[in-house]
Amino acid sequence: MENERDIMTVAQVADYLQISEVTTYKLVQEGRISGFKIGRHWRVRKEDLREHIAKLEHGEHL
């Protein structure tokens with residue numbers, strides 16, 4: 001069983017995707033990666049991120 005968090009910060013998403021935090025913030029704010037805000041901070045569900053990756057693997061664009 002994997003020991004992972006279901007909810008990720010923008011920094012964790014950036015690290016996971018190996019892209020910059022600035023780019024990650026932009027993608028989340030534009031809605032290209034599904035996210036939600038808790039107060040002023042963005043969060044991303046890992047399952048939503050996996051769905052986006054699957055779409056990218058099948059030729060769709062963010």
Side-chain angles (χ1 to χ4, degrees):
M1 183 172 134
E2 292 181 57
N3 183 16
E4 7 180 341
R5 296 175 189 255
D6 292 329
I7 306 293
M8 301 171 72
T9 65
V10 168
Q12 290 169 325
V13 173
D15 184 56
Y16 188 79
L17 295 176
Q18 298 180 6
I19 61 176
S20 75
E21 285 186 42
V22 171
T23 299
T24 305
Y25 270 111
K26 183 178 176 185
L27 293 171
V28 173
Q29 288 174 334
E30 292 174 353
R32 295 165 70 189
I33 291 177
S34 295
F36 59 94
K37 282 184 119 177
I38 298 177
R40 298 181 325 181
H41 304 281
W42 284 98
R43 296 293 184 264
V44 176
R45 288 182 54 235
K46 189 164 243 183
E47 186 58 34
D48 291 341
L49 189 56
R50 286 186 178 136
E51 288 175 15
H52 282 293
I53 292 169
K55 288 178 183 178
L56 289 171
E57 290 174 338
H58 290 94
E60 292 183 39
H61 296 284
L62 281 178

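Just so it is clear, the model here is predicted, and its values are computed rather than measured.
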Could you state the interatomic distance from OG1 (Thr24) to NZ (Lys26), rounded to the nearest 0.5 Å? 11.5 Å

How far apart are the C-alpha atoms of Trp42 and Met8, what are their side-chain angles, what is the distance that settles it, and do they pass the side-chain contact (heavy atoms from CB on, under 4.5 Å) test? CA-CA 9 Å; Trp42 284 98; Met8 301 171 72; over 6 Å; no

Answer yes or no: is there a side-chain heavy-atom contact under 4.5 Å between Tyr25 and Glu30? no

Can you get from Ile7 to Val10 by hopping between Ile, Leu, Val, Met, Phe, Trp and Tyr side chains that sit under 4.5 Å apart? no

What is the minimum heavy-atom distance between His52 and Ile33, and which atoms define it? NE2-CA, 3.7 Å

Side chain to side chain contact (heavy atoms under 4.5 Å, CB included) against Glu57, all qualifying residues, sequence neighbours excluded: Ile53

Would you say the side-chain atoms of His41 pair up with the backbone N or O of Lys37, donor to acceptor, closer than 3.5 Å? no

Look only at the side chain of Gln18 and the backbone of Asp15, and say whether a donor-acceptor pair between them is shorter than 3.5 Å. no

State plainly whether one hydrophobic cluster holds both Phe36 and Leu27, where clusters connect Ile, Leu, Val, Met, Phe, Trp and Tyr through side-chain heavy atoms under 4.5 angstrom apart. no

For the student: nearest non-hydrogen atoms of Val44 and Ser34, plus distance: CG1-O, 3.5 Å

Are any non-hydrogen side-chain atoms of Asp6 and Glu47 less than 4.5 angstrom apart? no

What I'd like to find out is whether the side chain of Leu17 reaches to under 4.5 Å of the side chain of Leu49, using heavy atoms alone. yes

